[in-house]
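Side chains are part of it too, since the values below use all heavy atoms of this structure and drop only hydrogens, waters and symmetry mates. Below, chain A is the first sequence line, B the second, and so on; all start at residue 1. Bear in mind that the values here come from a model prediction, so they are computed numbers and not experimental data.
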There are 2 protein chains.
Amino acid sequence: MPRESDKRERLLGAARRLIHERGFNQTSLADIATAAEVPLGNVYYYFKTKQALASAVISRQAQDFAQLEQDLAKIGDARSRIEGFLSMLLVNSAAIAAYGCPTGSLCTELNKTSSGISNQAEDLLQHQLDWLSEQFVALGKGEEAGELATQMLVQLQGASVLAHAFHDQTLLAQQIAHLRNWLNGQHASMSL
Amino acid sequence: MPRESDKRERLLGAARRLIHERGFNQTSLADIATAAEVPLGNVYYYFKTKQALASAVISRQAQDFAQLEQDLAKIGDARSRIEGFLSMLLVNSAAIAAYGCPTGSLCTELNKTSSGISNQAEDLLQHQLDWLSEQFVALGKGEEAGELATQMLVQLQGASVLAHAFHDQTLLAQQIAHLRNWLNGQHASMSL
DNA sequence: GTCTATATGTGGATAGAC
DNA sequence: GTCTATCCACATATAGAC
């Protein structure tokens with residue numbers, strides 16, 4: 001009876017890193033196998049196809065976001081929960097400036113191919129949007145909550161694109177700071 | 001003495017369209033040659049390498065933006081010039097929602113490869129940012145002009161990413177409308 | 001200038017020994 | 001479960017006839 005090994009985890013981790021850094025299409029299974037220190041042929045024991053591996057990577061990303069949600073749920077104040085989300089992005093701002101938003105850039109890439117897994121990446125982004133919307137509802141913005149959530153994600157994605165394009169982590173940090181200020185200006189009514 | 005043919009133009013046009021639709025890496029020279037109705041082997045008479053072709057595509061995009069700049073320069077009011085820029089994006093919103101911003105998504109993709117031409121795409125985006133900044137200077141925002149320009153491009157790129165990810169042209173149109181309102185609220189002082 | 005045929009390399013995926 | 005060797009499709013790029 002076969003013993004569990006951590007090869008699957010190593011492959012997943014390497015794939016996640018490399019897909020973020022180089023993009024899905026520019027990452028070969030050989031690259032991933034090498035980085036994970038797993039022989040190429042062995043990859044197919046754990047993942048039927050390259051797409052299946054990518055699919056597992058996106059699922060893992062979704063898991064991580066779900067974990068973050070869970071952690072943030074312990075915070076009583078919705079505004080603080082959103083701030084916690086922004087803080088997480090700030091912590092990752094170096095990687096985002098270097099390689100773009102892992103979710104956003106993957107969506108952009110996969111949406112240009114008929115990969116079938118593009119829906120999965122979309123769903124993850126939609127999930128983040130929904131979460132933000134819920135927080136704004138909790139902040140008392142009934143009608144506007146959806147628009148505010150969209151507004152925030154638009155800015156975060158845009159900031160990620162520009163920070164990546166210009167290799168400028170500062171730009172991203174400033175936009176996050178800007179959003180934090182904007183958020184704290186959101187009380188009863190607000191101007192989009 | 002060889003007569004001019006429009007093959008180069010056809011190749012450039014096909015490459016531009018296909019690279020926008022499918023991305024650079026997912027577009028083969030065979031695809032481009034077929035779309036342009038030019039035999040594959042003949043491509044290399046006009047472009048030494050695939051990179052050279054992509055480079056020409058970006059140059060063409062830069063040319064087109066320069067042309068737009070020139071047209072908008074005829075407008076006396078800076079606010080109207082910016083609105084003209086937004087109008088152009090609105091006209092193209094279907095294509096942007098379907099395939100992403102041609103400049104932004106190309107930057108994102110090329111920045112993940114060591115293609116050498118990624119600088120060219122960056123420069124084009126930077127050029128757009130500079131143009132916007134100049135318009136805000138003309139609007140009397142000396143100090144803030146750069147930040148306002150960044151703010152606007154961030155939102156446009158973010159809206160493009162989300163509209164593309166969600167296949168939602170409406171999202172992009174709404175964000176453009178939102179920016180138009182925001183712009184018309186920009187008079188003496190403003191709140192970022 | 002134009003086009004066919006092809007060289008060369010790489011990537012995803014499989015076969016099958018161990 | 002693990003790993004080597006390899007198949008096959010496709011992509012960039014070149015050779016060379018016309």
* **B:Tyr46 OH - D:dA13 P separation (whole Å)** => 18 Å
* **side-chain contact (heavy atoms from CB on, under 4.5 Å) between A:His164 and A:Ile96, worked out** => CA-CA 7 Å; A:His164 180 214; A:Ile96 295 173; over 6 Å; no
* To do: Starting at the 5' end of nucleotides 11-18 of chain C, put B wherever the base has a protein heavy atom under 4.0 Å, S where only the sugar-phosphate does, and a dash everywhere else.
  => SSBB----
* **Note: A:Arg17-A:Asp31 ion pair, threshold 4.0 Å (strictly below)** => no
* **Spacing of A:Gln26 atom CD relative to C:dT10 atom P, expressed in whole Å** => 13 Å
* Asked: Donor-acceptor pair, A:Glu21 side chain versus B:Lys112 backbone, under 3.5 Å?
  -> no
* How close or far is atom P of D:dT12 from atom CZ of B:Phe47, stated in whole angstroms? -> 14 Å
* **Between C:dT4 (C1') and B:Tyr45 (OH): distance, integer Å** => 18 Å
* N-O pairing of B:Glu9 and B:Arg60 below 4.0 Å -> yes
* Structure fact -> When rounded to whole Å, the CG to P distance for the pair B:Leu11 and C:dC3 reads 11 Å
* Asked: Is the centre of the A:Phe65 ring less than 6.0 Å from the centre of the A:His127 ring?
  -> yes
* Does B:Asp64 come within less than 4.0 Å of B:Arg16, counting only side-chain N to carboxylate O? -> yes
